[in-house]
Number of protein chains: 2
Amino acid sequence: MTQRRNTSQRAIITQLLAGTDEFVSAQHLHAALRTSGSTVGLATVYRALQEMATGGDLDVVRNETGEVLYRQCEQPSHHHHLVCRTCGLTQEVAAPGVEKWARAVAEQYGYVDLDHQVELFGVCAGCAAKRA
Amino acid sequence: MTQRRNTSQRAIITQLLAGTDEFVSAQHLHAALRTSGSTVGLATVYRALQEMATGGDLDVVRNETGEVLYRQCEQPSHHHHLVCRTCGLTQEVAAPGVEKWARAVAEQYGYVDLDHQVELFGVCAGCAAKRA
DNA sequence: TTACTTGCAAACGGTTTGCATCGAG
DNA sequence: CTCGATGCAAACCGTTTGCAAGTAA
């Protein structure tokens, strides 16, 4: 049985994530921590983020360059994202029908252990206005 | 004005892509080429794929591990994929409700110029059987 | 004391780039 | 002959891992 220990590093990482509702990369988070005086190691940041993500405490997304982004997840229920491809503004959205559809399709083809990736990209109202 | 030269390498890459309607990674494509006797370099494959992708001749997707996948694009009807995360077997599936849902959500939040990414991952019947 | 955590550095895996050489036009 | 294309190897970059030292419980 694995049990999590409370360390100052994890506390500060959790705290920093709680302070924002935007997606951040492990690298960015690490840089921010070092800048503010902490001596946390990069590996520790990665390990903490992974742990929190698999524990369901963080939302995980990948940006266009393949970098992994994390954000504290406000909604306990499963949901997806609508991301502005210009400024990164993100809305959490529910996809009621999608889950059911995914299950039906998987069953039809005999696939099990299903997971799905559903993300919407667009340009938010603000950015669209500036573009005009 | 940049002009493309016709080389045997590009010809064989184009030909191989034309022979399938599945997504392939640059690495996979390169391995396949080497196996079939070609001496193409990895870099050449990457350069060719990038060029074709920016030229709009290929669809580009990223899998769960961040690897970039390419596929010849000319699919008449829009559809999505159900990919086996063990063996890579891919089924093309239609997502009737998804498109409508995406449009509705985007409108609700004032997002325009919408695009979406919907991929299903699971373990196909064959791989599931071997696992047991 | 036990065994989970940490920081560092090295290892990794996919992708990109520098450069000398090759070859299409 | 020119200049884009190629192959190789090294460089990159984000991420993971081995390991000895540190520390919560």
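Here is the naming used below: chain letters follow the sequence lines, and residue numbers restart at 1 for every chain.
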Rounded to the Å, how far apart are B:Leu33 CG and D:dC8 P?
13 Å
Return the CZ to CG distance between B:Arg34 and B:Leu42, rounded to the nearest 0.5 Å.
8.0 Å
d(CD1, A:Ile13; C1', C:dT5) in whole Å:
12 Å
Does the B:Arg71 side chain pair with the main chain of B:Val60, one donor and one acceptor, at a distance under 3.5 Å?
no
Just by protein heavy atoms under 4.0 Å, how would nucleotides 13-22 of chain D read 5' to 3' in B, S and -?
-SBBBB----
OP1 or OP2 of D:dG4 less than 4.0 angstrom from a side-chain nitrogen or oxygen of B:Thr7, does that happen here?
no
Nearest to the side chain of A:Gln9, which nucleotide is it out of C:dG25, C:dG7, C:dC8?
C:dG7
Which comes earlier along DNA chain C counting from the 5' end, the contact point of A:Val45 or that of B:Ser8, where each point is its nearest nucleotide?
A:Val45
Give me the bend of the helix from C:dT1-D:dA25 to C:dG25-D:dC1, using the axes of the five pairs at each end, rounded to 10°.
30°
Could you list the donor-acceptor pairs under 3.5 angstrom formed between side-chain atoms of residues 6-19 of chain A and any protein atom two or more places apart in sequence or on another chain?
| unit_1 | atom_1 | unit_2 | atom_2 | d |
| --- | --- | --- | --- | --- |
| A:Thr7 | OG1 | A:Arg10 | N | 3.3 |
| A:Arg10 | NH1 | A:Glu51 | OE2 | 3.1 |
| A:Thr14 | OG1 | A:Arg10 | O | 2.7 |

If I take atom CE in residue B:Met52 and atom C1' in nucleotide D:dA5, what distance separates them, rounded to the nearest angstrom?
15 Å
A:Gln72 side-chain N/O to A:Thr20 backbone N/O, donor-acceptor pair under 3.5 Å:
yes
